[in-house]
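Input: a single structure, listed below in structure tokens.
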Amino acid sequence: MIMPDTIAQPQDESPTCICGALLADGQQLCRKCAARQRWIRRQNARLRADRRRGETRRPPRNPHRMSALGATR
């Protein structure tokens, strides 16, 4: 019987990110993947706001001040 030259090392059980990067204790995603997730959430929020832009507009700060300045409608 021939013995192999390499010794099988036990696999490291350290947590890894979905991209394969090693994670520190308590991390769910690596820095790069977390930034990508934040960007995706912000982008989705922007697209949602653009679709309903007319509904989310606020009125001018103080529309009653125009008459005090002498402007009429």
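A search for side-chain contact (heavy atoms from CB on, under 4.5 Å) contacts involving Ala21 returns Cys17, Cys19, Cys30, not counting sequence neighbours. Applying the side-chain contact (heavy atoms from CB on, under 4.5 Å) criterion to Gln37, with sequence neighbours excluded, gives Leu29, Arg41. Under the side-chain contact (heavy atoms from CB on, under 4.5 Å) criterion, Arg42 pairs with Arg38, Trp39, Arg46, not counting sequence neighbours.
Within 6.0 Å of CD on Gln27 lie more than 12 heavy atoms contributed by other residues, nucleotides or ligands.
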